Asks: 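Handing you this structure, nothing more for now.
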Amino acid sequence: MDVDVVNMFVLAGGTLVIPILAFFASFYMWPAAIIHVYNWYWRRRLGLQVVYSENRGYRFCYSHRGKPGPGRPTILMLHGFSANKDMWLPVAKFLPKHQHLLCIDMPGHEGTSRTDARDYSIEGQVKRIRQFVESVRLTKRPFHLVGTSMGGNVAGVYAARYPNDLCSVTLICPAGLPTESPFVERLRELEKDQELSGSLDPQGIPLIPSTPEEMDDMLKLCSFVRFKIPQQILQGLVDVRVPNNDFYRELFMEIVGEKSRHSLHENMHLITVPTQVIWGKHDQVVDVSGSSMLKEAVSGCQVDLLDNCGHSVVMERPRKTAQLIMDFINNQHNTGSGSNNSKKLS
């Protein structure tokens with residue numbers, strides 16, 4: 001499936017603002033500035049404010065909108081590897097404006113403190129997210145936790161560790177499960193080529209691009225939709241990421257290490273809160289077979305599988321993702337059953 005760049009940014013919640021900015025940037029701005037202006041524009045348009053919370057010498061950065069209210073729990077959203085809080089903008093566009101929403105930069109990402117490897121393991125990230133929850137007083141009443149990819153791994157382990165904090169949880173293409181995928185196969189090929197007997201040189205990891213060509217390859221790996229993206233936009237995406245690539249490599253080696261690689265699998269039987277799993281059927285990064293593992297291990301787990309969708313569910317299907325999350329939350333509130341055994345196919 002091919003879409004042009006205009007459709008790409010419509011999928012991401014946009015209008016013609018990006019092509020216009022790209023044209024303007026070709027004369028007046030560095031390509032990376034396009035990305036920053038884009039995120040600033042949509043945060044403002046969607047009513048999201050960026051704030052910081054300091055707690056025990058650690059700084060959290062997050063965006064938020066709305067206020068807690070009866071019948072609608074707060075939603076806390078955890079992004080994936082090498083992303084940031086703004087990856088949720090496409091989904092936020094389709095969530096109710098009154099919904100109390102918090103999108104946090106995960107440990108070491110964007111405006112949240114960057115420390116050391118102890119915070120980058122899945123257990124370390126879970127502890128930091130719990131610290132954030134305490135610092136903004138989300139523990140006053142149960143909230144709904146959403147996580148995608150690496151963030152889905154963290155969200156699942158958080159649900160196992162702190163069930164009393166949550167009313168429910170949504171895991172989107174979560175990592176942390178022993179599945180096979182084209183991405184895993186590529187990592188094994190890298191290991192074999194480097195002849196390092198099971199260790200991996202962090203250079204050349206497909207999810208850490210350093211050139212526009214590598215960025216294009218990463219997008220093809222993560223999305224079922226094939227985006228036709230101008231070189232200038234690709235360059236801007238790379239320019240934003242390259243200064244952080246050493247951190248991304250350190251983080252990646254930590255989350256694929258022995259302690260974190262299968263964290264969700266090791267903890268999923270401890271999840272007791274109502275659980276929703278959303279997965280793209282054509283995920284090449286974390287295979288969709290992980291949804292069956294969660295379905296079997298977590299009592300009452302609801303699974304929603306999306307046709308014509310890859311790993312980047314929140315970019316490829318933002319409207320559907322928002323609808324599924326809100327339907328799940330509303331169903332839990334209306335029935336009070338704490339479980340839902342239905343399986344929806346989209």
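As a basis for the values below, the full set of heavy atoms in this structure was taken, side chains included, without hydrogen atoms, waters or symmetry mates. All values reported here derive from a predicted model rather than from experimental measurement.
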Asks: If only side-chain N and O atoms count, and only distance matters, is there a donor-acceptor pair under 3.5 Å linking Gln125 with Arg128?
Replies: no
Asks: For the residue pair Gly47 and Arg65, what are the closest heavy atoms and their distance?
Replies: O-CB, 3.2 Å
Asks: With a 3.5 Å cut-off and no angle check, do the side chains of Ser260 and Ser121 form a donor-acceptor pair?
Replies: no
Asks: Taking CZ in Arg118 as the centre, count heavy atoms belonging to other residues, nucleotides or ligands within less than 6.0 Å. Is the count above 12?
Replies: no
Asks: Following the transitive rule for hydrophobic clusters with a side-chain heavy-atom cut-off under 4.5 Å over Ile, Leu, Val, Met, Phe, Trp and Tyr, establish whether Val50 and Leu46 coincide in one cluster.
Replies: no
Asks: Answer yes or no: is there a donor N or O on one side and an acceptor on the other, between the side chain of Thr275 and the main chain of Val273, under 3.5 Å?
Replies: yes
Asks: Between Ala83 and His79, which heavy-atom pair has the shortest distance, and what is it?
Replies: O-CE1, 3.3 Å
Asks: Is a side-chain donor or acceptor of Asp287 paired with a backbone partner of Ser181 at a separation under 3.5 angstrom?
Replies: no
Asks: Checking side-chain polar atoms at under 3.5 Å, does Arg317 have a donor or acceptor matched by the opposite partner on Asn308?
Replies: no
Asks: Tyr162 and Leu166: same hydrophobic cluster, using ILVMFWY side-chain contacts below 4.5 Å?
Replies: yes
Asks: Between Asn55 and Glu134, do the side chains contain a donor N or O and an acceptor N or O under 3.5 Å apart?
Replies: no
Asks: Are the side chains of Val277 and Cys301 in contact, using a 4.5 Å heavy-atom criterion?
Replies: yes
Asks: Passes side-chain contact (heavy atoms from CB on, under 4.5 Å), Lys320 versus Leu324? Steps please.
Replies: CA-CA 6 Å; Lys320 186 64 175 179; Leu324 289 172; 4.0 Å; yes
Asks: Taking ring-ring contact (aromatic ring centres under 6.0 Å, His included) as the definition, give me every residue that meets it alongside Phe132, ordered by chain and number, with sequence neighbours left out.
Replies: Phe60, Tyr62
Asks: Out of the candidates Phe252, Phe81, Tyr248, Phe247, only one should pair with Tyr120 under the ring pair (Phe, Tyr, Trp, His ring centres under 6.0 Å) rule; please name it.
Replies: Phe247
Asks: Looking only at heavy atoms, which two atoms of Tyr58 and Gly108 are closest? And how far apart?
Replies: OH-N, 4.0 Å
Asks: So among Leu101, Val51, Val136, which one has a side-chain contact (heavy atoms from CB on, under 4.5 Å) with His64?
Replies: Val51
Asks: For a side-chain contact (heavy atoms from CB on, under 4.5 Å) with Val146, tell me which candidate from Ile325, Leu76, Thr321, Leu171 qualifies.
Replies: Ile325
Asks: Would you say the side chains of Asn330 and Gln332 form a donor-acceptor pair under 3.5 Å?
Replies: no
Asks: Using side-chain heavy atoms (C-beta onward) and a distance below 4.5 Å, is Ile104 in contact with Met77?
Replies: no
Asks: Is the backbone N or O of Thr115 less than 3.5 Å from a side-chain atom of Asp119, with the two atoms forming a donor-acceptor pair by type?
Replies: no
Asks: Count I, L, V, M, F, W, Y as connected when their side-chain heavy atoms are under 4.5 Å apart, and connections chain through other members. Are Val91 and Trp40 then in the same cluster?
Replies: yes
Asks: Are Pro174 and Leu294 close enough that some pair of their side-chain heavy atoms sits under 4.5 Å apart?
Replies: yes
Asks: Would you indicate whether the side-chain heavy atoms of Met268 and His265 approach each other to under 4.5 Å?
Replies: yes
Asks: Kindly compute the distance separating CD (Gln284) from CZ (Arg186), expressed to the nearest 0.5 Å.
Replies: 8.5 Å
Asks: Are Arg130 and Asp165 close enough for a salt bridge, meaning some N to O gap below 4.0 Å?
Replies: yes
Asks: Just how far is it from atom CD1 of Ile205 to atom CE of Met218, taken to the nearest 0.5 Å?
Replies: 12.5 Å
Asks: Which pairs, with at least one residue in residues 141-162 and sequence neighbours excluded, count as a salt bridge (charged side-chain N to carboxylate O under 4.0 Å, His left out)?
Replies: Glu123-Arg161
Asks: Can you tell me how far CE of Met315 sits from OG1 of Thr148, rounded to the nearest 0.5 angstrom?
Replies: 11.5 Å
Asks: Roughly how far apart are Leu219 CG and Ser312 OG, rounded to 0.5 Å?
Replies: 7.5 Å
Asks: When rounded to the nearest 0.5 angstrom, what is the spacing between CG in Asn39 and CD in Glu110?
Replies: 8.0 Å
Asks: Under a 4.5 Å cut-off applied to non-hydrogen side-chain atoms, are Arg261 and Ile255 in contact?
Replies: no
Asks: Got Asn244 and His109 here, is their nearest side-chain heavy-atom distance under 4.5 Å?
Replies: no
Asks: Which heavy atom of Asp307 sits nearest a heavy atom of Lys281, and at what distance?
Replies: OD1-NZ, 2.7 Å
Asks: Check step by step if side-chain contact (heavy atoms from CB on, under 4.5 Å) holds for Asp304 and Gln276.
Replies: CA-CA 8 Å; Asp304 297 283; Gln276 175 187 41; 3.3 Å; yes
Asks: Can you see whether His311 engages Ser223 through a side-chain donor-acceptor pair at a distance of less than 3.5 angstrom?
Replies: no
Asks: Is the backbone of Ser210 close enough, under 3.5 Å, to the side chain of Arg241 for a donor and an acceptor to pair up by distance?
Replies: no
Asks: Any donor and acceptor pair, going by atom type alone, linking the side chain of Asn153 with main-chain N or O of Leu264 inside 3.5 Å?
Replies: yes
Asks: Going hydrophobic residue to hydrophobic residue with side-chain gaps under 4.5 angstrom, can you get from Leu251 over to Val240?
Replies: yes
Asks: Give the intermediate values and the outcome of side-chain contact (heavy atoms from CB on, under 4.5 Å) for residues Cys222 and Leu207.
Replies: CA-CA 9 Å; Cys222 293; Leu207 296 181; 3.9 Å; yes
Asks: Can Val298 be reached from Leu305 by stepping across I, L, V, M, F, W or Y side chains whose heavy atoms are under 4.5 Å apart?
Replies: yes
Asks: Could you measure the distance from the OG atom of Ser289 to the NZ atom of Lys295? Nearest 0.5 Å is fine.
Replies: 15.5 Å
Asks: Should Val238 and Leu234 count as side-chain neighbours, where that means a heavy-atom distance under 4.5 Å?
Replies: no
Asks: Of all the heavy-atom pairs spanning Ile75 and Gln99, show the shortest one and how long it is.
Replies: CG1-NE2, 3.6 Å
Asks: Mind checking whether Phe143 and His100 have ring centres under 6.0 Å apart?
Replies: no
Asks: Test side-chain contact (heavy atoms from CB on, under 4.5 Å) on Thr112 and Met106 and set out the steps.
Replies: CA-CA 7 Å; Thr112 292; Met106 297 293 280; over 6 Å; no
Asks: Kindly say whether Val286 contributes a backbone atom to a donor-acceptor pair with the side chain of Thr179 at under 3.5 angstrom?
Replies: no
Asks: For the residue pair Trp88 and Leu102, establish whether any side-chain heavy-atom pair is separated by less than 4.5 Å.
Replies: no
Asks: Which pair of heavy atoms, one from Cys61 and one from Gly111, lies closest together, and at what distance?
Replies: CB-C, 3.5 Å
Asks: Determine yes or no for a side-chain-to-main-chain donor-acceptor pair under 3.5 angstrom, with Glu316 supplying the side chain and Gly310 the backbone.
Replies: yes
